[in-house]
Protein chains: 2
Amino acid sequence: MARAVSETHGEILAAAARRFGVTGYRGTSLQDIAREVGCSKATVLYHFANKEALLAELMAPAIGVLRDLDDQLTGLTGAAAQEVAAQGFVDLAVRFRREIAVLRGEFPELLCQPAFAHIQQISDRLRDALAGNSDRPGARIAALVLLAGISEACAEFVDIPDDDLRAALLALVRRAVEPVEAQLPHPPTTEDKDS
Amino acid sequence: MARAVSETHGEILAAAARRFGVTGYRGTSLQDIAREVGCSKATVLYHFANKEALLAELMAPAIGVLRDLDDQLTGLTGAAAQEVAAQGFVDLAVRFRREIAVLRGEFPELLCQPAFAHIQQISDRLRDALAGNSDRPGARIAALVLLAGISEACAEFVDIPDDDLRAALLALVRRAVEPVEAQLPHPPTTEDKDS
DNA sequence: TCAGACCCTGACCGATCGGTCAGAGAACAC
DNA sequence: GTGTTCTCTGACCGATCGGTCAGGGTCTGA
């Protein structure tokens, strides 16, 4: 009965992605995943230390790309930051549609888990970048609406080809983002958010 | 110890709204709510038939307004539908910020409950209206992004005055919505990527 | 005074959750 | 053969969930 370890491991991961995407992380039990794979719950816990570890491994690739995007944004401000954030996030959201569906709405509590501790800060920086680092409430609100809405849309429109979805979202973002005034009144107080 | 029934009833409702808003519907136990009120779990279930009934009563006002908006949309198409949908939904989302926070991300499963059976259809019609009843994927995607994003933003920005938030969101929607071609029977399809 | 309605509670129920553990069975090296 | 390692499992655990129930206070009207 024993399969190759990597095989079962992968099957569990795939089943978890499917179930999490439909019923959410908390709404999916280890028993559900085991049933879908065709093994026992104990087998799931043989391959993964616990439920959280399973989720962490599932999200690792997406988190890696998110971190890369965050790195690209360091030092950028204004329109340049907006453009990189828009392209980067749209691309990420489209590519990792399924992973985003997993987190759907459970962000607040999942972010408390140690494996996702810094995602909140990254997404805050992403929002600021998309707002062109503007302090105007309108810009910040628009940026949050777009980030949240894009996540939701990607999780919802699973049947649209990547390229079409990416193009539509990017066009939307470019229409919707509050244009930031160029470089002119840029204050000399280069206030880096780094403390 | 016995308080007036309406008093305890209201306290439970208020406590449930607070807890649901923070930890979500499924993430909040009846015990949590009872603890916040300062009564026993049995008391909560004396005032409300079950957990679902508690949620239903909490959401009733918002659902009523949503239904009214849906009525207003019947018969409208194109730009008129877009405008009514935009104003109506932004207003609703801002007014019922807390109720929206309750549903945050748990929509898919909560919609299965009989008390919320038709909300899915209403929100689908709302999305179509905001898209100007266009069939173009771009318009439909933009509409969904805006609806989902606005919900999320309202649940997040609890500290912004109603008027400011409403104005910012409305401005965003008007920028972001795909303009619908007037009444022309069919567009000249300049760059229609629709297949 | 007393019955009954109302408000509330502790104790309890079955179900399900994430997680543990001893051990069965197969594969392989010697 | 024997021993070891790897994979997998049933049985079990404590905790928590939503929900039930008998009954104890308290108030009120007859």
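All chains are named by letter (A, B, ...) in the order of the sequence lines, taking the proteins before the strands, and each is independently numbered beginning at 1. Treat the numbers as computed from the prediction; the structure is a model and nothing was measured.
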Expressed as a whole number of angstroms, how long is the span from [X]:[atom1] to [N]:[atom2]?
X	N	atom1	atom2	result
B:H9	C:dC6	NE2	P	15 Å
A:R35	D:dG10	CZ	P	13 Å
B:E11	C:dC8	CD	P	9 Å
A:I12	D:dT7	CD1	P	11 Å
B:I33	D:dC17	CD1	C1'	13 Å
A:Y46	D:dT7	OH	P	4 Å
B:K51	D:dT20	NZ	C1'	17 Å

Presence of B:T8 side-chain N/O under 4.0 Å of C:dC7 phosphate oxygens OP1/OP2: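 False: B:T8 side-chain N/O out of range (4.0 Å or more) of C:dC7 OP1/OP2.
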Presence of B:T43 side-chain N/O under 4.0 Å of C:dC8 phosphate oxygens OP1/OP2: no
Please name all residues satisfying salt bridge (charged side-chain N to carboxylate O under 4.0 Å, His left out) with [X], sequence neighbours left out, ordered by chain then number.
X	result
B:R67	none
B:R95	B:D91
B:D163	B:R166

Side chain of [X] (C-beta onward), nearest among [options]:
X	options	result
A:S29	C:dC8, C:dG18, D:dG19	C:dG18
A:Q31	C:dC17, C:dT9, D:dG19	C:dC17
A:H47	D:dG19, D:dC8, D:dT9	D:dC8

Qualifying residues under side chain to side chain contact (heavy atoms under 4.5 Å, CB included), relative to A:S123, sequence neighbours excluded: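 A:Q120.
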Those residues that, when tested against B:R35, pass side chain to side chain contact (heavy atoms under 4.5 Å, CB included) (two or more places apart): B:Q31, B:D32
All N/O pairs under 3.5 Å across the protein-nucleotides 11-14 of chain D interface:
none

Closest-nucleotide ordering on DNA chain D, the 5'-leading residue of A:V44 and B:T28: A:V44
Sugar-phosphate, base or nothing in reach of B:L45, heavy atoms under 4.0 Å: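 Base contact.
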Pairwise distance CD(A:E152) to CZ(A:F157) - rounded to 0.5 angstrom: 10.0 Å
Distance-only donor-acceptor check, side chains A:E57 and A:H47, under 3.5 Å: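 No pair is found: no donor N or O on one side chain lies under 3.5 Å from an acceptor on the other.
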5' priority, DNA chain C, between A:D32 and A:A49 [closest heavy atom]: A:D32
